[in-house]
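Remarks on the structure that follows.
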Amino acid sequence: MTLVTTPAIVLHSYRYGETSKIVRLLTLDLGLQSVVAKGAMRPKSKFGASLEAHSEGAAHIYVKPDRELNTLGEFEVNQLRRELAGNVERFALAGVLAELVIKFSSSEPHPQLYVYLHSRLNQLCGSTGEQLVVDGILSLWGMIRELGYAPALTECAADGRPVSEGDAPFSVKDGGFLCDDCALGRRLSMVPAADRRFIGHAIEDTLEGIPVFEENTAAAHRRLLSRFIHYHLAEGRELKALDYWEALN
Amino acid sequence: MSAIDDLNAELAKLPGIGRKTATRLTYHLLKQPKPTVERLASTLRTLAEKVHPCQKCGNMSESVLCPFCVDPRRDDTSFCVVEESSDIDAIEKAGEFRGRYHVLGGRLSPLDGIGPEDLAIDALKHRVEQVDATVEVIVATNPSMEGEATATYLSGVLKTTGALVTRIALGLPVGGDLQYADAVTIGQAMAARRKMPE
């Protein structure tokens, strides 16, 4: 058994037995980990309030090779992110990010994913109103990129030919924008040029300044995101937090 | 499946009971006199048949309305909102609250797919609106992230009713010791500090 100390973000936790908790962590050095925090529910537990969802700190994990459930020795919290609970949409978005990491990442270390989740949770903490709407959509496209499912943007998702500038058809099934020939005769969502540019910036993480979305535009982005995630990532599996976030709006 | 296996399987579904404890309990029951086991079975049957949520507040009760809802001495202008019926026992033991209760039946939890429509929030709003006086709603959901998000949501929903929405305080336990408290709890206690009475 090896003791590993690594930065970690709490994704989810639930009761295990009378006094313990099982905690899903995204760690910098060990990727996605399930750990048991023994005695975490006791009133005088050393874990205290540190294992709340979305909190971040240094996790001391006793790792045994080939074990699915390791033991959490200690968790020194340095960011609690209580602000996320101050707004229901913010809280739901943080839940969707956590859900995507839990369901679609692995125990392979993925430092870029860790850094991305860290920065998006921090961003969401201070986000409100129209900015929160855009931040949410940005965060989810970025998460899709980090998990390796980015849609095709400039080359046709079906045949690889360049997609012309301006409005373009988006095929969830093919995994991105299509050229005119491939879109011919198909019923597809037509994404206006400005929204296409936004998706491009969101995927490539190059957005400067936050645009303001009309409510119907925001709803269209949410629908597209949800369909894309359900089709490519979930493959029929239930995504409770994503469905909750979509229903909230 | 034998009767022993059946009981093992049923007991193992209970919180905090694994296969080993379930087996131990099953064999303990087998050693008991028959009337003792029959009494337990009868109690469980009665529990399943007679106990149901109170039509007003959602607390578990054997009658249509629970004892807290029918007690005329309790304050109609003060509501304490809790996640589960079992939380009411904890608050009652403190003896500080003399108003009415409201059980939400859970808390917002996106990862578990629990949204506002899964909680008794509309019923709470309806109850508050029916009171013809200024109402205080004390949100006593757990001090977890989900409990806080639920409290935030309730505060927004109840804004239109004109009710005073308050949140139970967070901080150090009475009789506790600062040096054994975790940093987060101390931080919350500092943030929620109050002026000393003169």
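By convention in this document, chain letters (A, B, ...) are assigned in the order of the sequence lines, proteins followed by strands, and residues within each chain are numbered from 1. We use all heavy atoms of the structure for the numbers below, so side chains are in, but hydrogens, waters and symmetry mates are not.
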With a cut-off of 6.0 Å (strictly less than), are more than 12 heavy atoms of other residues, nucleotides or ligands near [atom1] of [X]?
X        : atom1 : answer
A/Tyr62  : OH    : no
A/Lys103 : NZ    : yes
A/Asn78  : CG    : yes
A/Arg42  : CZ    : no
A/Asn216 : CG    : yes
A/Phe213 : CZ    : yes
A/Glu130 : CD    : no
B/His52  : NE2   : yes

Please round to the nearest 0.5 Å and tell me the distance separating atom CG of A/Leu248 and atom OH of B/Tyr153.
->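 Nearest 0.5 Å value for the CG-OH distance: 7.5 Å.
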
With chain B, which of A/Ala241, A/Ala247, A/Ala53 has the greatest number of heavy-atom pairs at distances under 4.5 Å?
->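 Most heavy-atom pairs under 4.5 Å with chain B: A/Ala241.
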
Among A/Gly95, A/Ala92, A/Gly86, which residue forms the greatest number of heavy-atom pairs with chain B at distances under 4.5 Å?
->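 Heavy-atom pairs under 4.5 Å are most numerous for A/Gly86.
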
What's the shortest heavy-atom distance between B/Leu111 and A/Glu99, and which atoms?
->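 That closest heavy-atom pairing would be CD2-CB, 3.4 Å.
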
A/Leu11 versus chain B, heavy atoms under 4.5 Å apart: side chain, backbone, both or neither?
->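 For A/Leu11, the backbone is the part near chain B, not the side chain.
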
Would you say B/Thr152's side chain and A/Ala85's backbone share a donor-acceptor pair under 3.5 angstrom?
->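 Yes, B/Thr152 side chain to A/Ala85 backbone: donor-acceptor pair under 3.5 Å.
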
If I measure from the heavy atoms of chain A, does [X] come under 4.5 Å with its side chain, its backbone, both, or neither?
X        : result
B/Leu170 : side chain
B/Ile114 : backbone
B/Glu117 : neither

Do [X] and [Y] have side chains that approach each other closer than 4.5 Å (heavy atoms only, starting at C-beta)?
X        : Y        : result
B/Met145 : A/Leu80  : no
A/Glu52  : B/Glu148 : no
B/Pro110 : A/Phe91  : yes
B/Leu108 : A/Tyr244 : yes

So which of B/Ala151, B/Pro143, B/Ser155, B/Pro173 has the biggest tally of heavy-atom pairs under 4.5 Å with chain A?
->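 Heavy-atom pair counts peak at B/Pro143.
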
